Structures are given as C-alpha cells and as structure tokens.
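Note sheet for the following structure.
Remember, predicted model here, so these are calculated numbers, not experimental data. Each chain gets a letter, A, B and so on, in the order its sequence line appears, and its residues count up from 1. Basis for what follows: all heavy atoms, side chains included, without hydrogens, waters or symmetry-related copies.
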Protein chains: 2
Amino acid sequence: MLLHSVAVSIDGYNPNDYPPFAVTVDLVVLTVRPPNLKVLLTQRGESPAKGSWALPGGFVGSEQDLIDAAQSKLTDKTGIQVAEAHLEQLGTFGAPKRDPRMRIVSVAYLALVADPPEPELDEASWHRVDGLSDRSLAFDHSEILAKGVERARSKLEYTTLATSFCGAEFTVAELRSVYEAVWGTELDAANFHRKVMATDGFVEATGRTESAGRGRPARTYVASDARDLHPPIVR
Amino acid sequence: MLLHSVAVSIDGYNPNDYPPFAVTVDLVVLTVRPPNLKVLLTQRGESPAKGSWALPGGFVGSEQDLIDAAQSKLTDKTGIQVAEAHLEQLGTFGAPKRDPRMRIVSVAYLALVADPPEPELDEASWHRVDGLSDRSLAFDHSEILAKGVERARSKLEYTTLATSFCGAEFTVAELRSVYEAVWGTELDAANFHRKVMATDGFVEATGRTESAGRGRPARTYVASDARDLHPPIVR
DNA sequence: CCAAAAGTGTTAAGCCTACACCCATGT
DNA sequence: ACATGGGTGTAGGCTTAACACTTTTGG
C-alpha cells in the first residue's frame, strides 16, 4: 500500500522530490423536486464498495483544468449544459486512506441544477438528501455531501443562487419552494414575495403569467444576468 | 513538458488509468499589526520566479493528510503552535500551467494568527497586504492571496474568528483594531463594544484590566471556547 | 358564489447608527 | 484639573415578522 516516488523526469525537478498522487473530481449535484432536495448518485459497479452509492466523479486528465473536469463529468451524467448550471468548488478531500486502493486527492465540486426533464442515465439516479444517513455513501462521500448541502443552504441566504434550481422561466412560488426544500422550513409567501421584488439583481419580470390550475395566475420571471455575483440576502 | 502515466502497481488499479500529479499545500498566513493586515511571504531562492515573493508551502507527503501538511508548514515558518492559530482550507488551484515545471495541484490553506513576538525566520517575512499589486507574487499566488483575504473579511462578519488575530488576553479595543485592519474601515467604538458584549460565545471577561498608558484602563477578555463553531455577526 | 393561490397593506417589535454623555486613569 | 481612551444611554430610522386584506383565476 505504500507509494514511493516515481521516476518522471522533468526539467528543474529531481524526480524523487515529490510523491505521486492521483487527482479526481467528485460532484455534489443538487436539484429541487418540491418539497425535497435531491442529490445525484451513482451505484458502484465494482470493488471497493461495490453496489453502494457514491457521488459521480472521475480522474482529472493530465492536461485538464480542474473545473473542466468537473464540467465534463456533469454533462456526462446529467446531459445538462454547463451554462444552465451553477458550478463551484466545494473543497478538497485527501486523507491518506480515504480510498483503500491508492493515494487519491479528490477535489469536490458543487453543482446546482434545475430539475432535469426525463433523460437520466441508467447509472445515475436522484435521491432525497434527507433520506441518507451519515454513513450511507461509499468512501468519505457522505462527508462531502454534507458539506455540499451545508454550502447550498448558506449560499441561498446571501446570494441569488436559488434561481439556479429553477428553469429558465419561473414564478415566485416556485422560487419559494426552492428555499423551502433546501432549508426544510416554510416561508411566509407574502413577505417572501416582497423580499424578492425588493432585491436588485435577483429576478426580472417577463410580462407573462402562468396558471397553476387553481388560484390566481402568477407572473413569471427570469434570473437577472448578474446572478452569480454577490447580491443581498433573502431570509 | 508532457507528463505520461507512470508505473505504480496497486491492487485493483491499472497503473495506466490515471495521470500522475504532484500535490502541494500553499499557506496564506495572515496577521494583524494595527492598522495593517499582513501576510507571510517567502522569497524564492531558485528558478522559476527566483527572487520574487511567494506564499510559503511545500509538497504533501505520500502518507500525510492535507491539513497535517499545512500545519507542519505553518509551524516551520512561524514557530506558532497549531492550537493558537486558526487554520482552514481555502481552495484548490490546479490549472495545468500554473507551475511551468510540471503538473502541480496546490491545496491552499488560510491561517489566522496573532502577531508573533520576535522570532521570524530569515526566509519568511511579513508584508502589508494592501501594498501588493494583483501580480506581484509568483505563480498564481496573488490570486490565492486575494481569495484568502476575501475569506478572512467575510468570516469576520459571521463568525467570532477575529479573536484568532489576538493574543490569549485582549481588550475590546484590540479586537476592534482587528476588524478595522481587516476591513480597512473605522468602527464606532461604542457600538462595537456593545455588539461584542451582546454576542454569546464571543469573549469572556477575565476580571482583570490592562492600562494602555493613558485613559481609563480596559477590561481584558479571552476568546470563548466555542469559537470556531458558527456564532453570530459583528458588523 | 366559493376555494385557492397571488399579491398588497399595515403595524408592532427588534436592530442599527449616530452621537451625547459619564467613568477611570496618567500626567 | 485636564486630556485620553473605556464604556453606557438614548432617540430616530430601517428592517423584519405576523397577519389582515384584496385580486384573479377555476370549478
């Protein structure tokens, strides 16, 4: 199990100066299917932890940037276009024994996506976050997931990222259901509406409305352009 | 400059499945020397970027956890005991060409330390953060530093981490000077005092006072035990 | 007309800000 | 006594939270 230095000859570096690592990306892909927050998991097809659930991920190419690796994994697993999702680095996990096979450092990314229509791949499926125990995932993936969920919860407080969970056009009620699913609380519809409207750079009216069957039809909105930036709170 | 797969034989893995990386830690060590925020830098003794300033750091050992590598670098460069400092992961930087020699993924850590007494090592020295331009450091270290400073600024808003910049025993005025240095603003002394006192889990009175020469002596405090947790705001 | 959901008004409580003011010490 | 910094009081403005109320649709 010990890894020794490997012979790779590079100018300016003594080959034995540094130990070799494998670097992977793991993805915490979250979506909201009201009233639940869901995470994308893959079932492991081979040992170790064969048959158990894990976060999607894979090796980083030798000439590939970390974010590019995360983006391509996301598109592979969900078919979601990069422009439609929010993707940010979550943290790096590199305990020596986190993978029993070898020394792997994994850079975790958090993706927030709108609930995708139909075409989920066979290998991957959506799971309720609150139905997973602290140790139900392979390796240290439960820990990574917990950090992703915590990040998502706190980011909704001080950014406008909640719109990443919505489709292109959405109502204020849909946006509210995102907050309710992620936070696991109910929000006052009246105050929520006012708060969203009062926050610059959050949503922009389309002028259209959308009827949900019963009740007064709701106006629809799109996310403002400047959404990833650094806007106000919504609590 | 191309790196190819290396032959390392590990059970369960095909040696050619993954590309080899070197993994390093880089440290953003911040301290406050009122009225300035300072960062610890080392001057590079060899090529590339010989002579220019860089963040302290180094390779992660093959059986070493990431945080352990960061802690030992911190102790090496500052002599500061781990228990006295706050250390948290900041982010991971792994652009393919960030180091011209080879593919290096660097896990950056942020350390907040009290201004150390005397024994600064020769290799490392403290620099005013606001005296550094966007490109004055080697590699992508200016970017890493910027992220560290930003993290420190925002964390002071919603945690009690400011006490990490203070010695074991401090006055409210000293604590205020920390906020003023990190944020680059002046704060109302009266309101600040009230806010700190009203925040549970922030400081605890020692019962002692400390005279700063002129004026009424200030009561001294120590950081509450539960400081890294998740306490209220101080703005 | 009635139920339901969207959206607006209103009011009281709490928080923040500015600044007046008192306290305790060194010179 | 007086200057200096520590610390408390207080009033006005702003934000929040709770909930009454009006609007607009489907049945």
Side-chain angles (χ1 to χ4, degrees), chain A residues 34-35 156-160 162-163 166-167 169-181 183-222 231-235, chain B residues 32 34-35 154 156-160 162-163 166-167 169-181 183-222 231-235:
Chain A
L156 292 211
E157 284 186 20
Y158 62 93
T159 71
T160 59
T163 56
C166 296
E169 197 170 334
F170 53 86
T171 67
V172 174
E174 285 164 12
L175 188 59
R176 177 162 46 86
S177 74
V178 164
Y179 280 86
E180 291 178 334
W183 286 347
T185 62
E186 290 204 347
L187 297 175
D188 182 288
N191 292 333
F192 181 85
H193 186 277
R194 225 187 324 256
K195 200 68 188 286
V196 170
M197 291 306 144
T199 301
D200 287 342
F202 201 169
V203 300
E204 262 157 83
T206 61
R208 291 184 289 277
T209 61
E210 178 183 299
S211 175
R214 54 200 172 289
R216 172 177 173 177
R219 301 172 193 158
T220 64
Y221 299 84
V222 296
I233 311 179
V234 182
R235 176 79 83 175
Chain B
V32 168
S154 66
L156 291 211
E157 284 186 20
Y158 62 92
T159 71
T160 58
T163 55
C166 296
E169 197 170 335
F170 52 87
T171 68
V172 174
E174 284 164 13
L175 188 59
R176 177 161 47 87
S177 73
V178 165
Y179 279 85
E180 291 177 335
W183 287 347
T185 62
E186 290 204 348
L187 298 175
D188 182 289
N191 293 334
F192 180 85
H193 186 276
R194 225 186 327 255
K195 200 67 189 284
V196 170
M197 291 305 143
T199 301
D200 287 341
F202 201 170
V203 300
E204 262 157 86
T206 62
R208 290 184 287 277
T209 61
E210 178 183 298
S211 175
R214 55 200 170 290
R216 173 178 170 178
R219 302 171 194 159
T220 64
Y221 299 85
V222 295
I233 311 178
V234 182
R235 178 79 84 173

Rounded distance (Å) that lies between atom C1' of D:dC19 and atom CZ of A:F192: 18 Å
Indicate yes or no: at least one non-hydrogen side-chain atom of A:L175 is less than 4.5 angstrom from one of A:V196. yes
Assign each of B:P217 and A:A218 to its nearest nucleotide of DNA chain C by heavy atoms, then name whichever residue's nucleotide is nearer the 5' end. A:A218
Does a donor on one side chain and an acceptor on the other come within less than 3.5 Å for A:T220 and A:E210? no
What is the distance, to the nearest angstrom, from the CG atom on B:L187 to the C1' atom on D:dG7? 16 Å
Measure from CG on A:N191 to P on C:dG9 and round the result to the nearest Å. 14 Å
Please list, by residue number, the residues of residues 208-215 of chain A whose heavy atoms come closer than 4.0 Å to an atom of DNA chain C; answer none if no residue qualifies. A:R214, A:G215
Each nucleotide N or O in nucleotides 12-14 of chain D that has a protein N or O under 3.5 Å away: list the pair and distance.
none

Take the protein atom CG of A:L175 and the nucleotide atom C1' of C:dA6, then report the distance between them rounded to whole Å. 14 Å
Examine D:dG6: is either OP1 or OP2 under 4.0 Å from a nitrogen or oxygen in the side chain of B:H193? Give yes or no. no
Protein-nucleotide distance (A:D188, atom CG; C:dA6, atom P), rounded to Å: 12 Å
Is the phosphate of C:dA6 approached by A:R176 (side-chain N or O, under 4.0 Å from OP1 or OP2)? yes
When rounded to the nearest 0.5 angstrom, what distance separates OH in A:Y221 from OG1 in A:T206? 8.0 Å
Considering only heavy side-chain atoms of B:R219, the closest of D:dA17, D:dT8, D:dG9 is D:dT8
Closest to the B:K195 side chain: D:dT8, C:dC16, D:dC19? C:dC16
Please classify the nucleic acid contact of B:A189 as base, sugar-phosphate, or nothing, using heavy-atom distances under 4.0 Å. nothing
Distance check, rounded to the nearest 0.5 Å: A:L187 atom CG versus A:R176 atom CZ? 7.5 Å
Nearest 0.5 Å, what's the CG-OG1 distance between A:D200 and A:T160? 11.0 Å
Whether B:R216 contacts D:dT4 is assessed here as follows: a side-chain N or O lying under 4.0 Å from the phosphate OP1 or OP2. Is that the case? no
Counting only side-chain heavy atoms from C-beta out, which of D:dG7, C:dA18, D:dC19 sits nearest to A:R194? D:dC19
Atom pair OG1/CZ of B:T163 and B:F202 - distance to nearest 0.5 Å: 6.0 Å
Heavy-atom donor-acceptor pair, A:E174 side chain to A:T171 backbone, under 3.5 Å: yes
How long is the gap from CG on B:D188 to NE2 on B:H193, to the nearest 0.5 Å? 12.0 Å
Nearest 0.5 angstrom please: B:F192 CZ to B:M197 CE, how far? 9.0 Å
